[in-house]
Amino acid sequence: MGSGDSPILLSVRNLRKYFPIRGGLFSSHIGDVRAVDGVSFDVHQGETVGLVGESGCGKTTVGRLMLRLIEPSSGHTFYRPAPEAEDRLSQIYEALGPHHLSLDDGNEKLPANAAALLKELDQLARKYSLYRMTPRQLHKLRGKLQIVFQDPFSSLSPRMLVRDIVSEPLAIHRMGTPRQRYQRVAELLQAVGLNPEHLWRFPHEFSGGQRQRIGIARALALRPDFIVLDEPTSALDVSVQAQILNILKKLQSEQDLAYLFISHHLSVVRAMSKRVVVMYLGKVVERAPTEDLFTRPMHPYTQALLAAIPIPDPTYQRERLLLKGDVPSPASPPSGCRFHTRCPAVMPICSKVEPPLIAIRPDHFVACHLYPAPEGTAAAAAPVDEPAASAAPAEAAAG
Amino acid sequence: MARTAAAAPKQPVILDVRNLRTYFFTYDGVVKALDGVNFAIRRGETLGLVGETGCGKSVTAFSITKLIADPPGRIMDGTILYKGANLLWGIEREARFKPIPKTNRVKVTRWYRRIKRNLDRMNAVRGGGISMIFQEPTSALNPIFSIENQISESLLLHRGETILDGLLAATPDAPGVKAARAELMRAARTKDINTLREAARAFGAAVHVPSVGTQAYYILRHAWADPEAHEAEIDRAVDRIRFGGLERRYLRRQRRILELGRQLKDVYMREMREARVLGGARRVIGRRRLATRLRSFYFGLWGIRGRVRRPVTQETFWQSVQLLEGVSIANPVQVARGFPHELSGGMLQRVMIAMALSAEPELLIADEPTTALDVTIQAQILELMRQLRDRVGTAILLITHDLGVIAEVADRVAVMYAGNVVEVAPVRELYKRPLHPYTQGLLASIPRMDQPDKKLESIPGSVPNLIYPPSGCRFHPRCPHAMPVCKEARPPLTVEGEDHQVACYLYNGPTYRG
């Protein structure tokens with residue numbers, strides 16, 4: 001996958017996270033909130049991937065899973081897979097099809113050599129997957145994978161000085177002497193546009209934008225190569241937002257950082273990222289390079305999302321594409337395509353068959369029945385059960 | 001997009017805010033949240049009020065409706081002219097201020113009687129005059145009452161007379177009703193939703209109570225198979241507006257009480273308009289109202305009240321359903337019976353809008369109505385507000401920090417910074433030719449969907465502390481064009497082109513409004 005201009009840093013494959021709903025007698029397990037349901041994408045070294053979607057679509061959960069802050073229900077995140085391993089992984093996943101969980105997952109047609117493939121996958125996962133690492137390995141990796149949280153008011157401890165907040169990761173990883181750490185913290189503060197005099201203050205003495213800078217400095221302390229930016233500017237004003245975005249861009253070009261930029265604000269994502277992943281109710285509905293996605297959005301949801309953004313120009317004319325209704329609950333997602341309840345271009349097949357994520361252009365993936373898979377690609381052969389797909393419209397017409 | 005007010009000849013001003021000052025007296029000192037805010041809203045116009053967090057947008061809204069938490073806040077000075085009545089009349093006699101030596105604090109002594117009287121006056125304006133939508137729809141509604149209950153409360157409070165008039169004018173046994181009813185049943189048999197809707201409307205018109213039509217529509221809408229089975233329900237719908245003589249008399253008395261209440265509000269309005277106390281007129285009306293109340297209380301004891309209450313609650317229920325239909329809620333009957341926790345944020349905001357519009361206000365203050373919502377839901381709400389503006393013609397004060405929302409909905413924009421209005425202009429003019437350096441910086445700092453390659457400019461620094469605001473122009477510490485004069489005196493609002501005012505020393509047009 002990927003255009004291969006820079007090596008793959010993180011490769012997310014078939015990631016799932018189901019949060020159990022407990023209730024009834026003895027708090028038994030009565031259902032699942034399918035927060036993330038089979039998400040795959042790659043993050044290349046030194047580039048930004050934007051993750052877009054409405055609230056409750058699982059954006060933040062993906063970000064936390066990618067750092068193993070929470071454990072996934074299934075799936076893998078591979079960290080710096082070797083090129084050959086990466087190729088082999090792609091082949092295995094292609095052969096297994098997009099919906100596999102394990103050999104017990106009876107509702108999917110698995111190839112004859114599935115057992116061998118799964119075994120090989122398991123071996124590769126042991127080597128590269130975040131979720132198979134030992135605590136010691138993981139501890140080493142924590143410095144490389146960092147996060148900046150959404151709310152700068154609750155993500156900094158009110159009892160710690162800025163110096164302690166920023167130098168805590170250095171201390172945990174036993175980097176340098178206290179004097180060296182102190183110098184590093186001063187450097188970091190300078191890099192995010194704060195002064196060394198701010199070292200001796202508490203978080204409550206700062207404004208929202210400054211606190212977010214402290215959060216960024218903390219994330220940078222261990223020289224990471226990947227930072228999850230979980231809505232870093234949504235709690236900030238526009239003028240301050242621009243400051244933060246500019247700092248993030250500058251740091252990226254200086255330190256060859258990769259970002260996962262999680263936001264519901266499409267215009268910010270457009271300004272920041274190279275590739276964009278659009279999520280709806282735990283599923284990826286579209287994945288494409290930024291320019292391609294914003295100039296030629298293919299999925300109806302992406303189109304509606306783009307049309308919904310208010311453009312700060314009163315003379316700007318465009319057609320309105322209003323979605324009806326609300327986002328359904330992820331505890332009981334709609335059958336088939338999860339977007340079919342709100343889709344303006346809904347067809348009978350949509351409520352029956354879940355559309356696979358297929359490549360309709362190089363590097364542009366979309367999960368929608370409007371776009372039939374081009375002939376000859378691997379994706380066309382794999383997922384859709386042909387008789388079921390053709391039977392669905394007839395059934396709907398009859399009923 | 002129809003921007004009616006911008007093109008039409010100038011409408012009369014319905015709300016004129018002049019030199020509004022609101023301070024908060026905190027332990028750390030006096031927060032000068034609003035320091036001389038000036039703007040005006042014309043009839044039917046949408047004015048966008050935009051600015052960063054803490055610049056006083058919401059405080060402006062709360063000052064206009066006098067909902068400032070007191071203590072610690074107080075409106076210190078200024079005039080808010082609503083249709084010629086000064087809502088802040090008598091505010092200077094409500095409290096006394098004495099600085100505490102050696103601290104930044106100020107001792108505030110309040111006269112609660114005067115405050116109470118002035119709030120009573122304000123009640124004459126709330127609802128029917130100025131209505132408000134709050135930022136957080138999930139916390140604006142009461143969780144223990146059903147949606148219908150809460151809309152009904154607002155309806156009875158602000159439109160009680162109209163509702164009772166409607167019930168008294170009902171004609172359940174008029175000659176045309178039978179025919180309309182037969183037509184309704186025929187329409188139900190056609191299984192066509194539009195025909196049914198039309199027939200139901202005609203049925204409502206025949207009995208002179210439109211809500212009966214709505215009720216009939218929702219009874220028959222899901223009864224395609226066997227509409228005749230629901231005839232008894234239709235009968236009950238008509239029965240609820242059939243009143244006996246005693247019941248009518250009771251309703252008329254209740255109407256009289258409400259009418260006296262409205263007269264009292266008129267007196268309060270007159271007091272604020274003429275800036276004098278009309279104690280005599282108020283006492284006369286108050287006495288009359290009390291007498292009527294006592295008389296109808298004994299009357300109600302005979303059991304009439306119970307027989308009348310039910311038709312009135314049913315009427316308000318169906319009127320709530322009509323209001324919910326008006327804000328494009330797909331299943332209004334279920335929503336009306338539901339409770340706030342059952343609805344999503346977008347739906348709740350629709351309910352809030354329906355509730356705010358139920359009183360048919362002259363001015364609607366929308367305080368960040370879409371900030372808590374997702375973009376797709378925001379687009380729905382903005383579309384709804386645009387439709388309502390075109391249909392109802394209410395003036396809207398739209399408060400937001402999102403310049404995109406302003407560009408989509410507003411006719412004119414007022415930009416606020418640190419408790420001052422720094423620029424007022426028609427929306428196109430402002431985006432094409434922003435004059436104040438702050439407005440320029442604000443516009444340059446938005447990432448644009450239509451211009452992805454634009455470099456993001458940012459305004460250096462952050463919003464000042466309003467306990468110790470900068471001297472002179474409050475923007476000068478962050479301003480790229482700051483001059484020595486900016487530190488010394490506050491720039492006046494000057495006129496730069498038609499309808500365009502700016503408070504900045506870079507421009508030297510004639511001073512706005514003297």
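To find a chain, count down the sequence lines: A is the first, B the second, and so on, and within it residues start at 1. On a predicted model such as this, the values are computed, not experimentally measured, just so you know.
Counting heavy-atom pairs closer than 4.5 Å to chain B, the top residue among A:Ser55, A:Gly193, A:Ala271 is A:Ser55. Between chain A and the residues B:Gly51, B:Ala379, B:Ala330, the largest count of heavy-atom pairs under 4.5 Å involves B:Ala379. Most heavy-atom pairs under 4.5 Å with chain B: of the set A:Val268, A:Val240, A:Asp313, this distinction falls to A:Asp313. Top candidate by heavy-atom pairs under 4.5 Å with chain A, chosen from B:Lys432, B:Glu383, B:His401, is B:Glu383. Ranked by heavy-atom pairs under 4.5 Å with chain A, the first of B:Ile329, B:Ile377, B:Leu443, B:Leu430 is B:Ile377.
Neither the backbone nor the side chain of A:Gln210 comes within contact range of chain B; no heavy atoms are under 4.5 Å apart. Proximity to chain B is limited to the side chain of A:Leu322, based on heavy atoms less than 4.5 angstrom apart. With a threshold of 4.5 angstrom between heavy atoms, A:Lys249 does not approach chain B through any atom at all. When heavy atoms are compared at a cutoff of 4.5 Å, A:Leu245 approaches chain B solely by way of its side chain, counted from C-beta outward.
Using a 4.0 Å cut-off between a side-chain N of Lys or Arg and a carboxylate O of Asp or Glu, A:Asp37 and A:Arg338 qualify as a salt bridge.
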Identify every side-chain donor-acceptor pair in residues 299-309 of chain A under 3.5 Å, counting partners at least two apart or on other chains, and give the distances.
from: A:His299; atom 1: ND1; to: A:Tyr301; atom 2: N; distance (Å): 3.0
from: A:His299; atom 1: NE2; to: A:Ala367; atom 2: O; distance (Å): 3.0
from: A:Tyr301; atom 1: OH; to: A:Glu54; atom 2: OE1; distance (Å): 3.0
from: A:Thr302; atom 1: OG1; to: A:Glu286; atom 2: OE1; distance (Å): 2.6
from: A:Gln303; atom 1: NE2; to: A:Pro297; atom 2: O; distance (Å): 3.0
from: A:Gln303; atom 1: NE2; to: A:Met298; atom 2: O; distance (Å): 3.4

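Residues B:Arg389 and B:Asp411 have side chains in contact (heavy-atom distance under 4.5 Å, counting atoms from C-beta outward).
Among B:Glu52, B:Glu423, B:Arg474, B:Arg478, the single residue meeting the side chain to side chain donor-acceptor pair (under 3.5 Å) criterion with B:Tyr438 is B:Glu52.
The number of heavy atoms from other shown groups lying within 6.0 Å of CD (A:Glu254) is above 12.
Side-chain polar atoms of A:Gln150 and A:Ser234 form a donor-acceptor pair below 3.5 angstrom.
Once rounded to the nearest 0.5 Å, the distance linking CD of B:Gln378 with CD of B:Glu408 reads 8.0 Å.
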